[in-house]
Amino acid sequence: MKNNKITLLASSVVFMEWLEYALYMYLGVAISHYFFPDKSSGSDLPLILTYAIFAISYIGRPLGGIVFGLYADKKGRRKPLIFSSLLAGIATAAIGVIPSYGQIGMFAPALLLVCRLAQSFAVSGEFNNSSIFLIEHASKNRILAGAWIGTAASAGMFFGGGVAYLVSLSSNPNMWQVAFIAVGVISIALACFRKQLAESPEFVQMKAKNSGHGSKIFSQLAKHKIGVFKIAIIGAFLCVYVYTSNVYFVSYMITKLGYSPSSASLSMTIVQGSVTVLIPLFALLAERLGYMRVLKLSIPTIGVMAFIQFYGASIQSHPMIVTSFVLYTLANAGVSACIFKYMFDNLPVEVRCTGGSLAYSVSAAIFGGTAPILAATLVDNGYVLMPAVYVIAFSALTYLSVNYKSQQMKNNQRRVTE
């Protein structure tokens, strides 16, 4: 199979999953009124509860990371990608057919939580494993190969913002359900097409040399604790700044700054579209300069961006908000272009999927899933700058982590120089 087709099939479901994420967060206000009673006019409680379900559902990620990661390291990368996309598609479509709170009461948010738990379980086997699959298939330009997953995720958020904008223009307040059903059905179809994928050549080669590898995964993983920790740190950083400065900030613009849902969604859609275009370009730049240089510049820029964004919002300075969007576009493109090769290099092929998926999933569950509700709660209680402080703290921690090289990264560099 040609590399272009492999890239398309591997990244397509990531695109659909992040499109759905964007829909859920950008349309959080409409979804919150559907699944929760709005007893107090002007209250953010329904929105906070909607974000709470998003946060709680991340509990499924570590379990999915272990299940899909172990399967990928023991049996191969291909089948977990098929199963994860199928489960994600079914769960997404199901969200679109759940009756409202007015029809079935508390069963509505309960069913929403079940569907999102299933999604989180599936996504944990998708995001990291897809990038590993592409990088292991690539004989050259491996930074770019991994960056296509970041591009797909960014494109998903871009199109999700566009769909959210169109939905916000509709006179039907429940038009978002049609979007969820469509995304789910397409994901199920893509799972069927993924059966055409060939197994990772790097995994096949490793399996041929070490036929008894499957029983030693956790003992081997224990030798790479630093690599796992570094993946967890940068995974938490990515989730925190994306969910705080992107998806949550749309709701902030609507509820606190007086933007209409359509104008807020359109603004972030433009930002995300720019990120999508820039990620492959930053990946090509990283192929020439080295991805560590790009990461070390992009990570602190995220911290600067967050301060400008929330301080500008606190004084309702439109120029500062626009400036933060420009910085977010450039820095997020830099991080997204390099993060997958960075995570790939921190673990060897034998434990790459288990360690990477588990580390990223745990971080996403603890820090990513809680970021929107934490930001909403802090802002609702008058601590407008605290979401920025949260992002800045992770920016500093990640910068320190990136500058510390794990043994596996030293081994990879040694192989390159040899």
Side-chain angles (χ1 to χ4, degrees), residues 17-18 20-40 42-62 91 95 98 101 106 108-121 123-124 157 160-161 164 176 235-257 259 261 264-265 268 302 306 309-310 313-314 360-395:
E17 288 171 350
W18 283 75
E20 187 276 337
Y21 274 6
L23 284 177
Y24 188 88
M25 301 306 291
Y26 290 162
L27 297 174
V29 175
I31 293 173
S32 68
H33 294 316
Y34 183 85
F35 285 103
F36 296 99
D38 190 8
K39 296 180 179 179
S40 176
S43 172
D44 285 341
L45 182 59
L47 182 63
I48 290 174
L49 291 174
T50 301
Y51 287 157
I53 284 184
F54 183 82
I56 295 170
S57 69
Y58 268 63
I59 295 172
R61 285 214 172 192
I95 289 177
I98 298 175
Y101 181 90
M106 288 305 297
L111 289 173
L112 175 62
L113 177 59
V114 170
C115 290
R116 296 221 64 91
L117 281 168
Q119 280 181 319
S120 291
F121 182 87
V123 169
S124 63
M157 293 190 70
W176 61 267
F237 169 64
L238 177 68
C239 291
V240 165
Y241 82 73
V242 169
Y243 290 137
T244 302
S245 294
N246 186 322
V247 291
Y248 164 71
F249 199 73
V250 172
S251 296
Y252 183 97
M253 292 170 71
I254 297 170
T255 59
K256 302 299 181 181
L257 300 181
Y259 286 77
S265 297
M268 200 57 74
I302 290 291
Q309 182 181 50
F310 280 91
S314 69
Y360 187 89
S361 297
V362 169
S363 287
I366 297 174
F367 301 105
T370 58
I373 186 174
L374 177 62
T377 302
L378 288 170
V379 170
D380 202 38
N381 284 279
Y383 302 103
V384 179
L385 294 181
M386 287 308 295
V389 173
Y390 193 52
V391 174
I392 291 169
F394 271 96
S395 178

Shortest non-hydrogen contact between Ala388 and Ala306, atoms and distance:
CB-O, 3.4 Å
Salt bridge (Lys or Arg N to Asp or Glu O under 4.0 Å) pairs, two or more places apart, involving residues 360-378:
none
Can you list everything that forms a side chain to side chain donor-acceptor pair (under 3.5 Å) with Tyr259? Sequence neighbours excluded, please.
His318
What residues form a side chain to side chain contact (heavy atoms under 4.5 Å, CB included) with Ala52, not counting sequence neighbours?
Ile373
So, using side chain to side chain contact (heavy atoms under 4.5 Å, CB included) as the criterion, who are the partners of Ile392 when residues are at least two apart?
Phe307
Spacing of CD1 belonging to Ile31 relative to CG belonging to Leu49, to within rounding of 0.5 Å
13.5 Å
Any pair with a residue in residues 242-254 that passes salt bridge (Lys or Arg N to Asp or Glu O under 4.0 Å), sequence neighbours left out, goes on the list, sorted by first then second residue, please.
none
If every non-hydrogen atom of Ala164 is compared with every non-hydrogen atom of Leu23, which pair is closest and at what distance?
N-CD2, 3.9 Å
Ring-plane angle category for Tyr24 and Phe54, please: parallel below 30°, perpendicular beyond 60°, tilted otherwise.
parallel
Distance (rounded to the nearest 0.5 Å) between Leu112 CG and Ile53 CD1:
4.5 Å
Using modelled atom types and a 3.5 Å cut-off, is there a donor and acceptor pairing between side-chain atoms of Ser124 and backbone atoms of Phe121?
yes
Under 3.5 Å, which donor-acceptor pairs link side chains of residues 362-371 to any protein atom two or more places apart or in another chain?
residue	atom	partner	partner atom	Å
Ser363	OG	Ala232	O	2.5
Ser363	OG	Ala359	O	3.3
Thr370	OG1	Ile366	O	2.7
Thr370	OG1	Phe367	O	3.3

Please find the pair of heavy atoms, one from Pro46 and one from Ser32, that lie closest to each other, and give the distance.
O-CB, 3.3 Å
Those residues at least two apart in sequence (or on a different chain) that pass salt bridge (charged side-chain N to carboxylate O under 4.0 Å, His left out) with Glu20 are Arg116
Within residues 236-252 or reaching into it, pairs that qualify as side-chain hydrogen bond (donor to acceptor under 3.5 Å, both in side chains) - sequence neighbours excluded
Tyr26-Asn246, Tyr51-Ser251, Tyr58-Tyr243, Tyr241-Asn332, Ser245-Gln309, Asn246-Gln272, Asn246-Tyr328
As an exercise, state the distance from CD1 of Ile59 to CG of Leu117, rounded to the nearest 0.5 Å.
6.5 Å
Among residues two or more places apart or on two chains, list those pairs meeting salt bridge (Lys or Arg N to Asp or Glu O under 4.0 Å) that have a residue in residues 366-389.
Lys256-Asp380
In chain order, what residues pass the side chain to side chain donor-acceptor pair (under 3.5 Å) check against Tyr34, with sequence neighbours excluded?
Gln177
